[in-house]
There are 2 protein chains.
Amino acid sequence: MKTILSSLRIQVNDKIYLKDPESSVLGKKIIKEGILLIDEIGFDCFTFKKLGAKIGSNESSLYRYFENKHKFLVYLSSWYWSWIEYKMLLATTNVTCPMEQLLKAIAVITEKIKDDDATLHVNESILNKIIIAEFTKTFLTKEVDEENREGFFTIYKRIINRMVDIVTMVDPEYPYPKSLVSNIVEGGLHQHFLRDHLQTITNCNEKISPTDYYSDLVKRVLKH
Amino acid sequence: MKTILSSLRIQVNDKIYLKDPESSVLGKKIIKEGILLIDEIGFDCFTFKKLGAKIGSNESSLYRYFENKHKFLVYLSSWYWSWIEYKMLLATTNVTCPMEQLLKAIAVITEKIKDDDATLHVNESILNKIIIAEFTKTFLTKEVDEENREGFFTIYKRIINRMVDIVTMVDPEYPYPKSLVSNIVEGGLHQHFLRDHLQTITNCNEKISPTDYYSDLVKRVLKH
DNA sequence: TCAAAATTAATAGTAAAACTATTAAAAAAG
DNA sequence: CTTTTTTAATAGTTTTACTATTAATTTTGA
């Protein structure tokens, strides 16, 4: 049951990879150890050569799964947002009050993640750390328009638009629902980063979470 | 007068560079043409070799000004924020109403920049485009804590804390002034990027600017 | 004024990163 | 059980990122 759920819920655009890493032992090893290595040394210092050494494989074997390390990060991000989308669906269905739904969605998006035992080859808690520090790099490139057309950011945009629908239910008169939501999703990651590294420009700390800040924000911004 | 003003107002931490690029013709050429090249090919593809070729200098000559291309981007960012700080000072002094002050500051931060003729070797409008697409990369690194300690982000943090003071004047009871402001500054850049590349998740377009969105936001969030 | 000192910039490197072509071995299909 | 396909390793190439050395120019101070 667990494995059925875990394979059903995560769907990554197949243009992102050359060969599906979920389809082989080596592929899963690349994901699992790749997440750990990026967390350890940072994406800028990460190379397929280093990952190959870590998992006892040759660099060129990894190139058969991903064209380059950028695509690998896009893959991990897509996987992450697909997993978040699933969690958001679980958290918001059967909630009738739109504002309550919105607060649940914000919690899913902005909360610090604990590992989910259903997917043994992905440590979601560490993946969350990577997304906080590296996700914006997936679209801050010269290729963003091309990759957007190819659907690399579909899941991310779908999550935002699902939340936009909820905001519109809460306050149909609010004029900037899309900017508000994209701002919350991106800003949630950013506030986590500031809490860990630039504490003087955030109120987030051990006691105040990004979830607290953004929950308060939507209550002030939206008529409800 | 113009040159006195321009040299007074921009002050960049001298740990960022090896040799002050403002101190020589070659240095100014590096800044001027570097901005154009990064805008053209993106920071990821930018190298000192390519810039050297563009300005008819050897790669190794550029290395005497900046340790690496990361530091070059940190320098351009510092320069940009220093220039913004000056513009913000001009825009907010002699404004007595705190909310009006805040709206002026938000306008300076989030508006699309036009070139300023006072600094001939810097095209501020193109630099603004670079900041939108590349600035977050300056701190999304493993070295962020070390570089923060060395003062690489001082001006950026000072701008945010200046705005935090204004927010606190507007509404002393608001519990998250730092998160609100860091969110506006970072989010302003982000909304510009979304408008240009991921239109489906922002309300910003030719008619609605990030300034409109954030001006409305603070009016809703703060009691005034 | 002119020789010594200091600065500036070019040449010619190296090491690592980012890939690719070829081939060998293992697994799957007919 | 042999042919085809898939998988992965070896051994390359090109580019990036940087450095050591040397040559040329500028500055300075006796």
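Since the structure is predicted, the reported quantities are computational estimates derived from the model, not experimental observations. The chains referred to below are lettered A, B, ... by the order of the sequence lines, with proteins before strands, and numbering in each begins at 1.
- One can place CG of B/Asn58 at 13 Å from C1' of D/dA17, the figure rounded to the nearest angstrom.
- Cation-pi contact between B/Lys69 and B/Phe43: present, with separation from the ring centre below 6.0 Å and deviation from the ring axis of at most 45°.
- Side chain of A/Tyr63, nearest nucleotide from D/dT19, C/dA18, D/dA9: C/dA18.
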Going through the checks in order, is the ring-ring contact (aromatic ring centres under 6.0 Å, His included) test met by B/Tyr213 and A/Tyr176? CA-CA 7 Å; B/Tyr213 161 60; A/Tyr176 312 107; 5.7 Å; yes
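- Closest approach to the A/Glu59 side chain among C/dT11, C/dC19, D/dA17 is made by C/dC19 (side chain taken as heavy atoms from C-beta onward).
- The base of C/dT8 does not come close enough to the side chain of B/Ser24 for any donor and acceptor atom to sit less than 3.5 Å apart.
- Partner of A/Val74 under the side-chain contact (heavy atoms from CB on, under 4.5 Å) criterion, out of A/Phe152, A/Trp79, A/Tyr17: A/Phe152 alone.
- Residue-level contact check: A/Tyr65 touches the backbone only, with heavy atoms under 4.0 Å from sugar-phosphate atoms and none from bases.
- We find that NZ of A/Lys69 is positioned 9 Å from P of C/dA17, with the value rounded to whole Å.
- The CD1-P distance, from B/Ile55 to C/dT8, rounds to 15 Å in whole Å.
- A/Leu189 contributes atom CG, which lies 10.0 Å from atom CD of B/Glu186 (distance to the nearest 0.5 angstrom).
- If you measure from atom NZ of A/Lys19 to atom P of D/dT5, you get 16 Å, rounded to the nearest angstrom.
- From A/Lys28, atom NZ reaches atom CD1 of A/Ile55 across 14.0 Å, with rounding to the nearest 0.5 Å.
- For the pair A/Arg64 and D/dA8, the criterion of a side-chain N or O lying under 4.0 Å from OP1 or OP2 is met.
- Against DNA chain D, the stretch residues 27-53 of chain A makes no heavy-atom approach under 4.0 Å.
- Taking 3.5 Å as the limit, the base of D/dC18 and the side chain of B/Glu67 contain no donor-acceptor pair of atoms between them.
- Below the 3.5 angstrom threshold, one finds no donor paired with an acceptor across the side chain of B/Ser61 and the base of C/dT8.
- Distance from the side chain of B/Ser60 is smallest for D/dA20 among the nucleotides C/dT8, D/dA20, D/dA8.
- We find that CG of A/Asn68 is positioned 15 Å from C1' of D/dT15, with the value rounded to whole Å.
- The shortest side-chain heavy-atom distance between B/Ile113 and B/Ile84 falls under the 4.5 Å cut-off.
- Regarding B/Phe66, its CZ atom lies at a distance of 14 Å from the P atom of C/dT8, rounded to whole Å.
- Checked against a 6.0 Å centroid threshold, the rings of B/Phe139 and B/Phe135 count as neighbours.
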